[in-house]
Amino acid sequence: MSTPGEMGTEAWPLWEVFIRANRGLSHVHVGSLHAPDAEMAVRNARDLYTRRGEGISIWVAPATAFTTSDPDRKGEFFESPSGKNYRHAIYYTQAEGVKHL
Amino acid sequence: MSAEQELTHDAGVHGDAHGADAHVDVHGEVSLDVTELDVELPGSGRVATPDVAEYAMRLGDDSLILSQQLAWWVSRAPELEEDLALGNLALDLLGHARALLHFAGTATGRSEDDLAYWRDEPEFLNCWLVEQPGTDFGDMIARQLFFSLYQTQLYTALLSSGDESLAAIAAKAEREVRYHQDHAVQWVLRLAGGTDESRSRVIVSLNEMWPYVEELFTDDALFDRLEGIAPKPSTLRAGFDETLAVVLAEAELELPTAKPAMAGGRQGRHSTQMGYILAELQWLARRHPGAKW
């Protein structure tokens with residue numbers, strides 16, 4: 001990454017932001033933002049995404065560090081589970097005496 | 001929609017199980033119609049003595065004027081993210097100003113709005129530092145650095161104030177101004193360690209704001225009457241100097257050498273900037289007295 005401001009048109013690099021609302025929950029992706037570096041990205045995330053008490057923990061990562069599935073290959077990627085409802089646990093008979101399943 | 005209508009509407013949606021005082025809001029946690037902003041004021045419900053009121057007014061005016069100054073940056077910061085960051089700092093300070101001016105007003109039967117909008121320049125007791133122009137990013141950050149370092153020392157000391165309202169206000173403000181300090185320090189480090197241009201400019205900015213630091217730590221007769229309630233400003237200087245030295249060392253900057261200004265904000269004598277700030281702050285309330293939105 002080059003120094004922000006080196007070129008007139010250049011913006012700060014993009015960061016992906018994950019917020020954890022409460023103890024026991026997992027971090028959830030909430031959006032992205034610009035920041036000159038990781039430390040400032042955490043602070044910007046605090047200012048953008050926790051203004052209404054949304055979280056008690058923040059993770060950020062450079063957007064370039066993410067590898068994603070290809071939206072154009074949704075079909076071949078995600079077809080397999082359909083027609084396999086038996087993979088959902090609700091299809092199994094509940095054993096007697098198990099109360100909190 | 002009035003508060004009653006809002007509540008009736010909610011009762012209709014949720015059935016009659018909720019009483020009239022149930023703040024149920026289908027739109028989320030907060031609705032301006034049902035939010036009681038007054039209950040958000042820490043330390044309210046007591047009447048200040050004249051001396052305590054004067055002290056609260058000094059602190060409240062500092063926060064009010066700096067809040068107004070920082071609000072200028074919304075839409076003008078280098079990035080949208082920084083707009084939000086500065087807006088948040090401004091709103092923290094406005095919150096402190098509300099609580100402090102509300103408390104100050106109890107001594108004379110005035111509301112925080114009376115104090116903010118209907119006093120003239122000589123009645124404001126804020127320091128000169130917060131009046132200084134900060135429409136250059138470096139100037140604004142230098143002002144933030146010195147002021148947030150001071151406020152962190154101040155509110156830490158006020159946590160153990162003998163006045164329970166001041167202690168309650170400090171309990172919230174202390175945490176918030178620590179973040180303001182962090183924000184300013186991060187930016188000073190980046191400006192000082194960035195390009196030659198940013199470094200030379202932040203050095204100029206720090207020197208421009210330095211003359212107004214002395215006033216923050218100047219004692220006067222008021223503090224003799226507030227023993228155990230307000231810390232003497234001079235006692236806050238050591239902690240300020242210590243933290244500042246650490247920041248400047250990390251940024252590889254020298255302590256500014258500019259001589260102190262003849263600042264008289266605590267006596268109501270202000271620099272030329274103040275009139276313009278108040279004009280912008282007060283014109284709407286004075287043009288439409290009693291207007292609500």
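Note on naming: letters A, B, ... go to the chains in the order of the sequence lines (proteins, then strands), and numbering restarts at 1 for each one.
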To the nearest 0.5 Å, what is the distance between CD (B/E82) and NE2 (A/H34)? 14.0 Å
Where on B/L89 is there a heavy atom nearer than 4.5 Å to chain A: the side chain, the backbone, both, or neither? neither
Atom pair CG/OG1 of B/N88 and A/T50 - distance to nearest 0.5 Å: 8.0 Å
Are there over 12 heavy-atom neighbours, none belonging to B/D196, within less than 6.0 Å of that residue's CG? no
Tell me whether B/W72 at atom CH2 has more than 12 heavy atoms from other residues, nucleotides or ligands lying less than 6.0 Å away. yes
Measure across B/E81 and A/L48 and return the closest heavy-atom pair with its distance rounded to 0.1 Å. CA-CD1, 3.8 Å
Check this for me: B/E242, atom CD, are more than 12 non-hydrogen atoms of other residues, nucleotides or ligands nearer than 6.0 Å? no
Side chain, backbone, both or neither: which part of A/R51 has a heavy atom under 4.5 Å from chain B? side chain
Surrounding CZ of A/R87 (heavy atoms of other residues, nucleotides or ligands, distance under 6.0 Å), is the total greater than 12? yes
What is the distance from atom CG of A/D37 to atom CG of B/L189, rounded to the nearest 0.5 Å? 10.0 Å
Stepwise side-chain contact (heavy atoms from CB on, under 4.5 Å) check, B/D182 with A/R43: CA-CA 9 Å; B/D182 174 76; A/R43 288 165 176 82; 2.5 Å; yes
Taking CD in A/E76 as the centre, count heavy atoms belonging to other residues, nucleotides or ligands within less than 6.0 Å. Is the count above 12? yes
Quick one: does NZ or CZ of A/R46 land under 6.0 Å from the six-membered ring centre of B/Y179, within 45 degrees of the ring axis? yes
Is it the case that atom NZ in A/K84 sees more than 12 heavy atoms from other parts of the structure closer than 6.0 Å? yes
Rounding to 0.5 Å, atoms CZ (B/R190) and CD (A/E39) come to a distance of 5.0 Å
Report, as yes or no, whether the 6.0 Å neighbourhood of atom CZ on A/F18 holds more than 12 heavy atoms from other residues, nucleotides or ligands. yes
